[in-house]
Amino acid sequence: MTHSDTAGASLAWMDGAIIPIADAKIGVTDWGLTHSDITYDVAQVWDGGFFRLDDHLDRFAASMQIMHLSVPQSLDEIRAILNQLVAASGLRNAYCAFVTSRGSQSIPGSRDPRTCTNHFYAWVVPYVHVIPEQVVARGAKMKIADGVERISPASVDPKAKNYHWGDITNGLYQAIEQGFDTVVLTDAGGNICEGPGFNVFAVHDGKVLTPQSGVLEGITRKTVLEISAALDLPLEVRDISKAEFLDADEVFITSSGGGPTPITQVNDRIFGNGAPGPVTMAIRETYLDWRAKGPLRAEITYA
Ligand SMILES: *Cc1c(COP(=O)(O)O)cnc(C)c1O
């Protein structure tokens with residue numbers, strides 16, 4: 001990264017004030033902390049503009065609805081807060097998180113979630129690549145977690161972006177201790193789900209495949225589905241077994257933290273002699289183009 005990529009300050013918006021991120025705190029009795037009873041979203045800022053901010057705001061609203069959370073701020077107000085926050089940070093490439101937490105109970109010890117006062121806050125830090133660029137450059141290695149399943153969608157709905165990372169963190173320990181860079185989890189039926197903050201795709205006989213269930217519907221995933229249609233690539237959104245995933249020609253991940261990103265090894269299977277595949281790179285190129293210019297951007301007015 002060049003200096004200009006990270007120049008700026010990490011800040012938070014809390015209770016109407018913009019403050020240094022280190023000063024942003026939530027209470028020890030907040031259910032967001034004690035029960036992971038919290039939802040959030042992350043929008044990326046690239047070269048001074050949000051990418052697909054309205055899609056992130058819509059998903060944030062849907063996540064809040066799924067979790068019975070509500071805040072006084074409207075989506076228009078949240079959009080204005082995020083713009084103000086990023087402008088104040090001066091960051092032109094940023095990771096902008098916005099969060100609704102259940103809050104603390106008004107009646108101490110109450111088990112009734114309705115006695116909690118839900119609250120909104122946001123924070124911004126320099127742009128994050130979920131897989132660091134130097135790891136992508138040498139080839140990112142992914143492990144399919146063994147004996148650690150993605151939490152059932154019947155227990156925690158993955159469509160609401162959440163902090164229930166017990167399964168993912170457990171999988172990360174397993175993968176990293178065995179020399180891998182990242183992990184992907186399967187469901188109880190052995191189908192591929194997702195990894196730490198990213199969706200997964202496989203390219204098989206020229207077809208672009210991604211899991212249909214047990215996943216957050218990523219905005220980057222959505223963009224890649226649109227790009228596949230624009231590039232006339234055959235597309236299937238359906239279950240992918242572990243065996244089919246390992247038999248793919250190419251594998252890549254998608255996240256607002258880095259866009260479509262090639263994976264060159266899954267378990268002991270190496271794809272394309274360790275180089276990113278052509279379909280992945282064509283999709284990535286189009287993504288970078290759409291992110292750099294066009295109707296999906298919302299420019300930020302810096303002071
Ligand atoms: C945020 C996230 C993703 C990726 O979503 P994008 O909107 O593309 O950034 C995928 N899976 C999980 C579990 C996530 O938290």
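No hydrogens, no waters, no symmetry mates; every other heavy atom, side chains included, goes into these values. Just so you know, ligand 1 is whichever comes first in the structure, and atom 1 is the first atom listed for that ligand.
Within the 4.0 Å heavy-atom shell around ligand 1 one does not find Gln44. Ligand 1 lies out of reach of Tyr163, whose nearest heavy atom is not under 4.0 Å from it. In this structure, Val42 has no heavy atom closer than 4.0 Å to ligand 1.
Counting heavy atoms from C-beta on, the side chains of Ser101 and Tyr40 never come closer than 4.5 Å. Proximity of Tyr173 to Val183: side-chain heavy atoms (C-beta onward) are nowhere separated by under 4.5 Å. Counting heavy atoms from C-beta on, the side chains of Val42 and Phe98 never come closer than 4.5 Å.
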Show your working on salt bridge (charged side-chain N to carboxylate O under 4.0 Å, His left out) between Glu194 and Arg150 and close with a plain yes or no. CA-CA 8 Å; Glu194 58 187 340; Arg150 188 78 176 109; 3.3 Å; yes
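Here's the thing with Ser256: one of its N/O atoms is less than 3.5 angstrom from an N/O atom of ligand 1. Of the polar atoms of Thr220, at least one N or O is found under 3.5 Å from an N or O of ligand 1, judged by distance alone. Annotation: His56 places no N or O atom under 3.5 Å from an N or O atom of ligand 1; distance criterion only. Note: no N/O pair closer than 3.5 Å links Gly218 and ligand 1 by distance alone. Considering backbone and side-chain atoms together, Lys161 places an N or O closer than 3.5 Å to an N or O of ligand 1.
Using bins of under 30°, 30° to 60° and over 60° for the plane-to-plane angle, the ring pair Phe201/Phe252 lands in the parallel bin.
A salt bridge is defined here as a Lys NZ or Arg NE, NH1 or NH2 lying under 4.0 Å from an Asp or Glu carboxylate O, and Lys161 with Glu217 fails to meet this definition.
The shortest heavy-atom contact between Arg284 and Gly258 is NH1-O, 3.0 Å.
Numbered from 1 in the order shown, with element, the atoms of ligand 1 that lie under 4.0 Å from a heavy atom of Asn199 read 4 (C), 10 (C). Residue contact check: Ser255 has heavy atoms under 4.0 Å from atoms 8 (O), 9 (O) of ligand 1. Listed by atom number, the atoms of ligand 1 under 4.0 Å from Tyr40 heavy atoms are 15 (O).
Across the listed options Glu194, Lys222, Arg59, Glu194 owns the non-hydrogen atom lying nearest to atom 11 (N) of ligand 1.
Protein heavy atom nearest atom 4 (C) of ligand 1, with residue, atom name and distance: Gly197 O, 3.5 Å.
Looking only at atom types and distance, the side chain of Tyr127 has a donor-acceptor partner in the side chain of Gln44 under 3.5 Å away.
The backbone N or O of Val200 sits less than 3.5 Å from a side-chain atom of Thr210, completing a donor-acceptor pair.
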